[in-house]
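Below, chain A is the first sequence line, B the second, and so on; all start at residue 1.
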Amino acid sequence: MNAVLDASPAEVDMEQEVLVRFGSGGQLTGVLSGPSGTGPTLLLPSAGLQPRAGPFRLHVLLAQRAGGEWHPDLPL
Amino acid sequence: MSIGDWEPFWLGPSSRRLYAALHAVPGSPSTGVVLVPPLLHEMPRSRRFIAEVARELAAIGLPSLRFDFHGTGDSSGTGDELDFASMHRDLDLATTALRERTSATRLVLLAWRGSALAVRSWLGRGGMADLVVLWEPIVDGGSWLQELVQGDAGERARRPPPRAGVPRNTDRQTASLMGFPASPRLRGDLAQARLDGKAPGTAPMWALVRAEVTSRAGDLRTRAATAGQYAQFRHWCRNGCDVLPHAAGPGRGEPAGARDASGDPA
């Protein structure tokens, strides 16, 4: 939870894809997708050595379909 | 292990954004590096390693930019939109971004595996670089494609069949390869791509290969003969590149030293 509290946008995209850095020294990075404040947020942490995008890009594809997502990960 | 100071950003228009990360360096370096990731299943497997390479390059004063091709990684799009034409556009964006975001006027392209084929194609279409380094490049795209098809079939055979009612694409022309979409366009691009003859453009071209490629050439020649990769690689190197064998696998060492590309490995 501290990670979310410390999060700060790194760059905002026109289609509301926000790169967010958080954690100690901003060494962790996530992508916040979809319109803000419109409902629950889905948190998709990376699993083990899998990159932020998830296995076979599962997290990215889920974000595209769900319209809102937050998938933080190690700084890869 | 930290990968040092770096900054993620979106690259390109919002309708077609690419994930990119710049490992900047202080001062006004004249040379910068664009790291071009490998393709398909090799991309996620090497992601951390490439980030660490970027960190190491930045540590010696070379600003380094890594990115995900359209339809891969954190970039927008779907995997079936990936082909050489899309990669050409992405290489244009990435190289331009490096020049715009740093003081670098000399551009080095560092491309892994199958991306070497796309980079060569990009150079042939007028892409500009001052040095091209190919890390364990795929030399014959057609042979590699067959390896992928066979590998994919092997992976599927080892797993249980899909549940009843769950469709599975078994069309060899449109099904995924190693779990990642591979469009007929991409397959066609790969099938026709080879690193033969002299590379287009004027940039010197180096290849990084594992030390055992040169130190245990007999084994490698035997193993690679099926795919024809090794012989073609040596032919290509005699005509168009230098070879720098590196001492170990990812993250384990510096290049062991230069070797004359025409010299027969011991």
From [X] [atom1] over to [Y] [atom2], what is the distance, rounded to the nearest 0.5 angstrom?
{"X": "B:Trp10", "Y": "A:Leu19", "atom1": "CH2", "atom2": "CG", "result": "4.5 Å"}
{"X": "A:Glu17", "Y": "B:Asp74", "atom1": "CD", "atom2": "CG", "result": "9.5 Å"}
{"X": "B:Arg47", "Y": "A:Gln50", "atom1": "CZ", "atom2": "CD", "result": "11.5 Å"}
{"X": "B:Trp6", "Y": "A:Thr29", "atom1": "CH2", "atom2": "OG1", "result": "3.0 Å"}
{"X": "B:Thr78", "Y": "A:Arg57", "atom1": "OG1", "atom2": "CZ", "result": "7.5 Å"}

> Which atom names give the shortest non-hydrogen contact between A:Ala53 and B:Gly73, and what distance separates them?
Replying inline: CB-O, 3.7 Å
>> Counting only non-hydrogen atoms closer than 4.5 Å, does B:Ser75 touch chain A with its backbone (N, CA, C, O), its side chain (CB onward), both, or neither?
In response: backbone
> Side chain, backbone, both or neither: which part of B:Met178 has an atom under 4.5 Å from a heavy atom of chain A?
Replying inline: backbone
> Excluding sequence neighbours, so at least two apart, what forms side chain to side chain donor-acceptor pair (under 3.5 Å) with B:Ser103?
Replying inline: none
> Who are the side chain to side chain donor-acceptor pair (under 3.5 Å) partners of B:Trp112, not counting sequence neighbours?
Replying inline: none
